[in-house]
J.: 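Attaching a single structure in structure tokens format; questions to follow.
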Amino acid sequence: MIRIQRQIPWYEITDERFYENRRQFIREAIAFSAMLVLPRCLNASQNKKEDKPQSIKPKGKFDTDEAQTAYEDVTTYNNFYEFGTDKDSPSKLAKDFRTKPWQVSIEGEVKKPKVYDLDELMKPFTQEDRIYRLRCVEGWSMVIPWLGFPLGELIKRLEPKSKAKYVEFTTLLDPTQMQGQKRDVLSWPYVEGLRMDEAMHPLTLLATGLYGKSLPNQNGAPFRLVVPWKYGFKSIKSIVKIRFIENQPMTTWAEAAPNEYGFYSNVNPEVDHPRWTQKKERRLGEFLKRPTLKFNGYAEEVAQLYTGMDLRKFF
Ligand SMILES: Nc1nc2c(c(=O)[nH]1)N[C@H]1C(S)=C(S)[C@@H](COP(=O)(O)O)O[C@H]1N2
Ligand SMILES: [Mo]
């Protein structure tokens, strides 16, 4: 018995039923103690909101009215290499990922550098639904109703200095929890970056949820970036550090393969990846491929950020 257990990776050892029982026990214990201190109604409504994915109707000017990708697909077909490189491994391996407590370090050319508790950092901002397309550089795409707020609102409050020309984001480094980090598939921790005007653009979101509920771990809990006109890898997950800097940062994918992944990574059907075309994409849940749109369909909003730039050179 012991010998068998040693060969099974730690994340597979917990027996499902035991886990369920333990969860049930913890739930009941929490419910009981909550009953003593909290008004009943508050407790009940909060549970409901956490548990059920809500269908979202487009209402804002940036929302696409295209069919939204099934919640099941959005939460089981993921890229999150910290939890393995197979599409279905993040949903399996991130189950016990601890996202509370969570701290975020604000650093660099900014008037208010500080290590914040996530709750404190998020408190001033109202969460809104935003229905965006996400186009992965690998050729698939989704439509996801995010819950979040514009990154620009946070940046304004942090008061960057005039020297700050770029913003760099870093994911948690913790191989004891993120077992994908035990392999050298990428140089950890995962780092991404945006030019200041891209970061300030009203389309750029800090997402804390999707389908009206808080982010599942595999989608980047407790909070992640969403930059809808760029390839998916720019939308970095589980952020622990935001740094304001003068020079363009080195980013994880550009470091791994500089001729394949540039700093800008704007979705562009006219610029092929060296190993495959970017002209078409497959929307998850659909059979036929559809043409990929320049800037992922957000050209009207963002093309002016790049006037005069050669997008083949700055890919
Ligand atoms: N930290 C981190 N962030 C990441 C990734 C990753 O491997 N690690 N993958 C990126 C890629 S390639 C894509 S396509 C999107 C996928 O987001 P989703 O799984 O929520 O759809 O996350 C991006 N953010
Ligand atoms: Mo991606």
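These numbers come from a predicted model, not from an experiment. Note that ligands are numbered from 1 as they come in the structure, with each ligand's atoms numbered from 1 the same way.
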J.: May I have the N/O to N/O pairs between ligand 1 and the protein that fall below 3.5 Å, each with atom names and distance to one decimal?
T.:
| unit_1 | atom_1 | unit_2 | atom_2 | d |
| --- | --- | --- | --- | --- |
| ligand 1 | 1 (N) | E82 | OE2 | 3.0 |
| ligand 1 | 1 (N) | T171 | OG1 | 2.9 |
| ligand 1 | 3 (N) | K237 | N | 3.1 |
| ligand 1 | 7 (O) | Y81 | N | 2.8 |
| ligand 1 | 8 (N) | E82 | OE1 | 2.8 |
| ligand 1 | 9 (N) | N79 | O | 3.1 |
| ligand 1 | 17 (O) | R224 | NH2 | 3.2 |
| ligand 1 | 17 (O) | K237 | NZ | 3.4 |
| ligand 1 | 19 (O) | N78 | ND2 | 2.8 |
| ligand 1 | 19 (O) | K237 | NZ | 2.7 |
| ligand 1 | 20 (O) | N219 | ND2 | 2.9 |
| ligand 1 | 20 (O) | R224 | NH1 | 3.0 |
| ligand 1 | 24 (N) | S235 | O | 2.9 |

J.: Could you walk me through whether Y261 and Y231 pass the ring pair (Phe, Tyr, Trp, His ring centres under 6.0 Å) check?
T.: CA-CA 10 Å; Y261 309 104; Y231 290 116; 8.7 Å; no
J.: Are K59 and D63 within salt-bridge range, i.e. N to O under 4.0 Å?
T.: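 Answer for the salt bridge query: no.
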J.: For R290, is there an ion pair with E66 - N to carboxylate O distance below 4.0 angstrom?
T.: yes
J.: Salt bridge check, E82 against K237: does any charged N sit closer than 4.0 Å to a carboxylate O?
T.: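 Here K237 does not pair with E82 in a salt bridge, since their nearest N and O are not under 4.0 Å apart.
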J.: Listing request: all ring pair (Phe, Tyr, Trp, His ring centres under 6.0 Å) pairs with a residue in residues 69-94, at least two apart in sequence or in separate chains.
T.: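 Checked against ring pair (Phe, Tyr, Trp, His ring centres under 6.0 Å) - neighbours excluded - the pairs reaching residues 69-94 are Y71-Y211, Y77-W140, F80-F83, Y81-W253, F83-F97.
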J.: May I have the step-by-step check of salt bridge (charged side-chain N to carboxylate O under 4.0 Å, His left out) for K230 and E192, ending in yes or no?
T.: CA-CA 12 Å; K230 293 176 180 283; E192 258 308 335; over 6 Å; no
